[in-house]
Amino acid sequence: MSATAHWYPAYIGLGSNLQKPAQQIEEALGLVEEISGTRLFAVSSLYRSAPFGGIEQPDFVNAVASILTRLSALELLAELQNIENRQGRERDETRWGPRVLDLDLLVYSGQTISEPELSIPHPGIGERNFVLLPLEEIAPDLEVPGLGRAASIPVNRNEPSISRIT
Ligand code: ROI
């Protein structure tokens with residue numbers, strides 16, 4: 001870890017639709033708390049959402065968490081992928097197919113990053129209600145680079161249904 005004195009705010013999207021999804025999300029949050037130089041700050045409700053992307057599969061459980069971290073965005077990404085792998089995520093799974101655990105780095109400290117392995121802000125934020133609604137719940141005033149204040153980003157009217165479960 002290239003530790004600096006600074007703590008950066010970051011937002012993580014969590015999703016699962018296999019192997020007891022709500023438990024997968026809770027377990028992942030516990031592992032996020034154990035990432036070095038990182039503190040869990042707030043967690044949204046859990047949401048049940050119909051699958052986005054046109055492939056027939058079980059409903060998802062989704063949530064968003066905010067953290068403070070001393071890691072860089074790429075260091076944090078590696079830690080999140082490590083958690084996905086520990087919870088049995090298959091790297092060769094079908095695009096837009098079912099998954100045990102998805103951890104997406106959504107926003108990192110007001111930065112815009114375009115690297116082959118990482119796009120920040122996450123391009124799905126404005127397009128996916130399963131990201132947008134939990135993000136608006138915990139951080140309505142967050143400025144998402146390019147999109148503006150979280151609470152002002154419009155909800156997508158033609159998307160699959162989503163509801164709070166906790
Ligand atoms: N659909 C929903 N509702 N929630 C997700 O987390 C999710 N993740 C995905 C795909 C398969 C695109 N669809 C999703 O990766």
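Both ligands and their constituent atoms are indexed starting at 1 by order of listing. Only this structure's heavy atoms are used, side chains among them; waters, hydrogens and symmetry mates stay out.
- Only side-chain heavy atoms of Asp102 come within less than 4.0 Å of ligand 1; its backbone N, CA, C and O stay farther off.
- In the displayed structure, Gln111 atom CD is contacted under 6.0 Å by more than 12 heavy atoms of other residues, nucleotides or ligands.
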Inset, instruction - Determine, stepwise, if the pair Arg48 / Ser163 fulfils side chain to side chain donor-acceptor pair (under 3.5 Å). - result: CA-CA 5 Å; Arg48 182 174 314 287; Ser163 57; 5.8 Å; no

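- Not a single heavy atom of Arg95 sits less than 4.0 Å from an atom of ligand 1.
- Residue contact check: Ala50 has heavy atoms under 4.0 Å from atoms 2 (C), 3 (N) of ligand 1.
- Around the CD atom of Glu117, the shell of radius 6.0 Å holds more than 12 heavy atoms that belong to other residues, nucleotides or ligands.
- Side-chain N/O atoms of Tyr47 and Glu137 include a donor and acceptor closer than 3.5 Å.
- The protein heavy-atom contact nearest to atom 4 (N) of ligand 1 is Asn62 OD1, 2.9 Å.
- Closest to atom 13 (N) of ligand 1 among all protein heavy atoms lies Phe52 O, 2.9 Å.
- Under the 4.5 Å side-chain heavy-atom criterion for ILVMFWY residues, no single connected hydrophobic cluster contains both Ile120 and Tyr11.
- Closest heavy-atom approach to atom 2 (C) of ligand 1 among the candidates Phe60, Trp96, Tyr47: Phe60.
- Residue Ser49 has at least one N or O atom closer than 3.5 Å to an N or O atom of ligand 1.
- Side-chain contact, Asn17 with Gln57: a donor N or O sits under 3.5 Å from an acceptor N or O.
- Each of the atoms 1 (N), 3 (N) of ligand 1 lies under 4.0 Å from some heavy atom of Pro51.
- Considering backbone and side-chain atoms together, Gly97 places no N or O closer than 3.5 Å to any N or O of ligand 1.
- Annotation: side chain of Phe52 is in contact with side chain of Glu159 (closest heavy-atom distance under 4.5 Å).
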